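Everything below concerns the one structure shown next.
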Amino acid sequence: MSIDVDYLVIGAGAMGMAFVDVILTETDATVALVDRYDRPGGHWTLAYPFVRLHQPSAFYGINSRGLGVDRVDTAGSNAGHYELASSAEVVAYFDQVLSQQFLPTGRFHFFPKSEAADDGTVTSVLTGARHDVRGTTVVDATYSRVTVPAMRAPAFPVSPQVRWMAPNELPEITRPADGYVVVGAGKTGIDACLWLLGRGVDPDDIRWIMPRDSWLLDRMNIQPVEGFYDSTVGGYALQLEASAEAESVDDLFDRLERTGQLLRIDPDVRPTMYRCATVSRAELDTLRQITNVIRLGRVVSVEADTITLESGTIPTSPNTVHVDCTADGLQRRPAVPVFADDRITLQNIRTCQQVFSAALIAHVEATVSDEEKKNELCEVIAHPDSDIDWLRTTAANTRTMSRWGREPGLGEWLEGSRLNSMRIGDASALTPDQVAVSMRVLRNLGRAVRNLERLLGEPSTG
């Protein structure tokens with residue numbers, strides 16, 4: 001079979017779906033979407049069953065369709081914050097988007113369980129059948145290479161005598177363990193620890209291997225602005241003030257922590273990692289119950305009675321459950337131009353806001369013809385990994401917001417986008433106190449960028 005389309009999109013994960021939605025909504029273009037899995041949703045289709053979004057459902061998914069019921073949770077560790085969709089909800093949502101919105105347009109083709117080559121050859125991994133899909137533009141929605149534990153084996157040897165499992169298997173445990181070792185300190189490790197504690201495991205029975213401590217974000221500061229103005233826009237004002245006034249990197253992190261913009265699990269250990277993981281204050285208090293935290297570097301090997309790490313060893317046993325939370329998640333890839341000839345490579349253009357980034361890239365593709373101008377509006381912001389990346393990404397985000405604000409018509413789209421976590425809403429409804437907060441933001445934008453660049457050792461672009 002041969003078909004001609006305007007866009008051949010490779011990857012039906014969240015970014016691919018968000019891109020396709022805007023193209024189908026804002027243009028008359030035709031799209032073919034290819035994915036190696038059977039359903040849309042990418043890594044969500046393989047995620048552990050107790051995973052939830054770390055950011056509100058209110059600005060996740062696609063631009064044209066809400067996710068969830070637009071409510072604030074009233075119970076549990078997320079009480080007081082907007083709801084967080086579960087993996088099952090996210091997968092069902094993307095199924096509905098594909099079947100109820102994309103396919104009925106008549107301008108959309110879906111090739112599940114298939115691989116696509118850049119020349120447009122789409123091959124079924126089930127039958128070997130080939131289709132010639134001629135796309136004017138190829139869209140790579142797989143460049144971020146999101147990886148969850150269920151997708152791969154550990155990167156170090158593990159004895160077959162060891163009870164070793166991905167978080168997906170935790171709910172399937174049918175016999176007690178000698179104890180639990182959580183390997184990895186990122187979002188997945190946090191989720192595994194919270195799940196174990198929430199199921200009644202004694203904190204003293206959990207050992208948490210934490211190669212690097214992480215700066216964490218207070219989820220209260222990442223909420224829809226309406227109803228949370230003080231913590232969201234107010235939080236941003238505090239970040240900019242700290243960024244503008246800090247005399248050193250250490251001074252900056254002290255200010256950010258003091259004003260609640262960054263959190264850490266152990267107040268006595270200075271974090272060196274930052275990957276946008278969020279927690280509620282209740283979750284942070286729960287995590288602090290685990291006191292047996294192993295800070296001896298990364299795991300080198302796991303034997304029946306010994307775990308070898310870069311800087312030492314610890315004992316274990318065959319009946320200890322070891323939870324693999326070491327997958328890299330969203331990898332930090334080299335930045336490449338989003339727009340290059342007849343190819344679009346989806347990447348973050350706002351830190352840790354993948355679906356918003358993909359949707360905005362699609363809008364720019366639909367409304368801007370000049371490739372240089374497109375790339376100016378869609379400057380890539382590489383995913384953070386280390387503490388110093390907070391400075392880099394904050395400076396880049398601030399520069400980008402200023403650039404978007406100068407682009408005719410773009411502000412209207414941003415204010416209308418449900419995926420835009422920074423949209424203000426009706427500015428005329430702001431109270432005098434809220435207007436004062438907005439003025440603090442405006443006063444410190446330029447000062448913050450210049451000082452962050454100084455702290456990073458970069459020349460000022462003032």
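Please read all numbers here as calculations on a predicted model, not as lab measurements.
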| said: For the CD atom on Glu376, are there more than 12 heavy atoms of other groups (residues, nucleotides or ligands in this structure) within a distance under 6.0 Å? | reply: yes

| CA sep, side-chain torsions, deciding dist, call: Asp178, Ser317, side-chain hydrogen bond (donor to acceptor under 3.5 Å, both in side chains) | CA-CA 8 Å; Asp178 291 342; Ser317 72; 2.8 Å; yes

| field | Student check: side-chain heavy atoms of Phe339 and Ile361 closer than 4.5 Å | value | yes

| task | Could you tell me the separation between the CG atom of Leu33 and the CE atom of Met17, rounded to the nearest 0.5 Å? | result | 7.0 Å

| message | For Arg264, is the CZ atom crowded, meaning more than 12 foreign heavy atoms sit under 6.0 Å from it? | response | yes

| query | Of all heavy-atom pairs between Val201 and Leu197, which one has the smallest distance, and what is that distance? | reply | O-CD2, 3.7 Å

| said: Could you check whether any side-chain N or O of Glu415 sits under 3.5 Å from a backbone N or O of Ile424, counting only pairs where one atom can act as donor and the other as acceptor? | reply: yes

| For Arg219, which of Gln55, His54, Glu283, His81 qualifies under side chain to side chain donor-acceptor pair (under 3.5 Å)? | Glu283

| said: As a test of understanding, state which of Asn397, Thr394, Thr398, Asn221 forms a side chain to side chain donor-acceptor pair (under 3.5 Å) with Tyr236. | reply: Thr398

| query | What are the two closest heavy atoms between Ala58 and Tyr82, and how far apart are they? | reply | CB-CD2, 4.1 Å

| field | Asp191 and Trp195, any side-chain heavy atoms less than 4.5 Å apart | value | no

| said: A quick test of your reading: do over 12 heavy atoms of other residues, nucleotides or ligands sit less than 6.0 Å from CD of Glu226? | reply: no

| query | With ring centroids as reference points, do Trp164 and Phe156 lie under 6.0 angstrom apart? | reply | yes

| Under 3.5 Å donor-acceptor, Glu245 side chain and Ser243 backbone | no

| task | Considering only NZ, NE, NH1 and NH2 on the basic side and carboxylate oxygens on the acidic side, decide whether Arg281 and Asp218 come within less than 4.0 Å. | result | yes

| said: Can you confirm whether Gln100 is buried at CD, in the sense that more than 12 heavy atoms of other residues, nucleotides or ligands lie under 6.0 Å from that atom? | reply: yes

| remark: OG1 (Thr320) and CZ (Arg163) are apart, to the nearest 0.5 Å, by 8.5 Å

| said: What verdict does the side chain to side chain contact (heavy atoms under 4.5 Å, CB included) test give for Val138 and Ile10, after you've listed the backbone C-alpha separation in whole Å, the side-chain angles of each residue and the deciding distance to 0.1 Å? | reply: CA-CA 8 Å; Val138 174; Ile10 303 172; 3.9 Å; yes

| Is Glu453 salt-bridged to Arg399, cutoff N-O under 4.0 Å? | yes

| Backbone of Met273 reached by a side-chain donor or acceptor of Ser386 within 3.5 Å | no

| said: Within the 3.5 Å criterion, strictly below it, is a donor on Thr326 or Asp324 matched to an acceptor on the partner's side chain? | reply: yes

| said: For a 4.5 angstrom cut-off between non-hydrogen side-chain atoms, does Glu379 reach Ile349? | reply: no

| field | Derivation and outcome, side chain to side chain contact (heavy atoms under 4.5 Å, CB included), residues Leu240 and Leu445 | value | CA-CA 7 Å; Leu240 291 176; Leu445 284 170; 3.7 Å; yes

| Under 3.5 Å, is there a donor-acceptor pair between the side chain of Trp208 and the main chain of Leu287? | no

| said: Determine whether a donor-acceptor pair (N or O, by modelled atom type, separation under 3.5 Å) exists between the side chain of Asn168 and the backbone of Leu46. | reply: yes

| task | Looking only at non-hydrogen atoms, find the nearest pair between Asp389 and Tyr274 and report the distance. | result | C-CD2, 4.4 Å

| OG1/Thr291 to CZ/Arg207 distance, rounded to the nearest 0.5 angstrom? | 12.0 Å

| At what distance, to the nearest 0.5 angstrom, does CD of Glu257 lie from CG of Leu263? | 7.5 Å

| message | Please give me the minimum heavy-atom distance between Thr393 and Pro384, naming the atom from each residue. | response | CG2-CB, 4.2 Å

| Test item: Ile290 and Cys193 side chains (from C-beta on) under 4.5 Å apart, heavy atoms | yes

| query | Taking the side chain from Ser214 and the backbone from Leu216, do they hold a donor-acceptor pair closer than 3.5 Å? | reply | no

| said: Whether the side chain of Glu303 engages the backbone of Ser159 through a donor-acceptor N/O pair (distance < 3.5 Å, no angle test) should be reported. | reply: no

| request: Grab the two heavy atoms, one from Gly61 and one from Val355, that are nearest each other, plus how far apart they are. | output: O-CB, 3.5 Å

| Contact check, side chains of Ile314 and Thr306, non-hydrogen atoms, under 4.5 Å | no

| request: Can you see which heavy atom on Ser77 is nearest to which on Ala282, and at what distance? | output: O-CB, 3.8 Å

| message | In the structure I gave you, are the side-chain heavy atoms of Val321 and Ile173 within less than 4.5 Å of one another anywhere? | response | yes

| said: As a quick check of understanding, evaluate side chain to side chain contact (heavy atoms under 4.5 Å, CB included) for Arg36 and Lys113, giving each step before the final call. | reply: CA-CA 4 Å; Arg36 57 182 171 168; Lys113 299 296 291 182; over 6 Å; no

| task | Please step through salt bridge (charged side-chain N to carboxylate O under 4.0 Å, His left out) for the pair Asp254 and Arg270, ending with a clear verdict. | result | CA-CA 10 Å; Asp254 288 342; Arg270 191 78 167 191; 2.9 Å; yes

| query | Does the distance from a Lys or Arg side-chain N to an Asp or Glu carboxylate O, for Asp266 and Arg295, drop under 4.0 Å? | reply | yes

| Euclidean distance, Arg275 CZ relative to Asp385 CG, rounded to 0.5 Å | 5.0 Å

| Non-hydrogen side-chain atoms of Ile222 and Phe59 separated by less than 4.5 Å | yes

| Without hydrogens or angle criteria, can the side chains of Thr142 and Asp140 be said to hold a donor-acceptor pair below 3.5 Å? | yes

| message | Set out, in order, the CA-CA distance, both residues' side-chain angles and the distance that settles side chain to side chain contact (heavy atoms under 4.5 Å, CB included) for Val9 and Val34, then state yes or no. | response | CA-CA 6 Å; Val9 181; Val34 180; over 6 Å; no

| request: Measure the spacing between OG of Ser57 and CZ of Arg52 and express it to the nearest 0.5 Å. | output: 8.0 Å

| query | Do Arg423 side-chain atoms and Trp413 backbone N/O form a donor-acceptor pair below 3.5 Å? | reply | no

| Are Ile209 and Val181 close enough that some pair of their side-chain heavy atoms sits under 4.5 Å apart? | yes

| Are the side chain of Asp21 and the backbone of Asn63 linked by a donor-acceptor contact shorter than 3.5 Å? | yes

| query | Any donor and acceptor pair, going by atom type alone, linking the side chain of Gln347 with main-chain N or O of Tyr143 inside 3.5 Å? | reply | no

| task | Taking the six-membered ring for Trp and the single ring otherwise, decide whether the centroids of Phe253 and Trp215 are under 6.0 Å apart. | result | yes

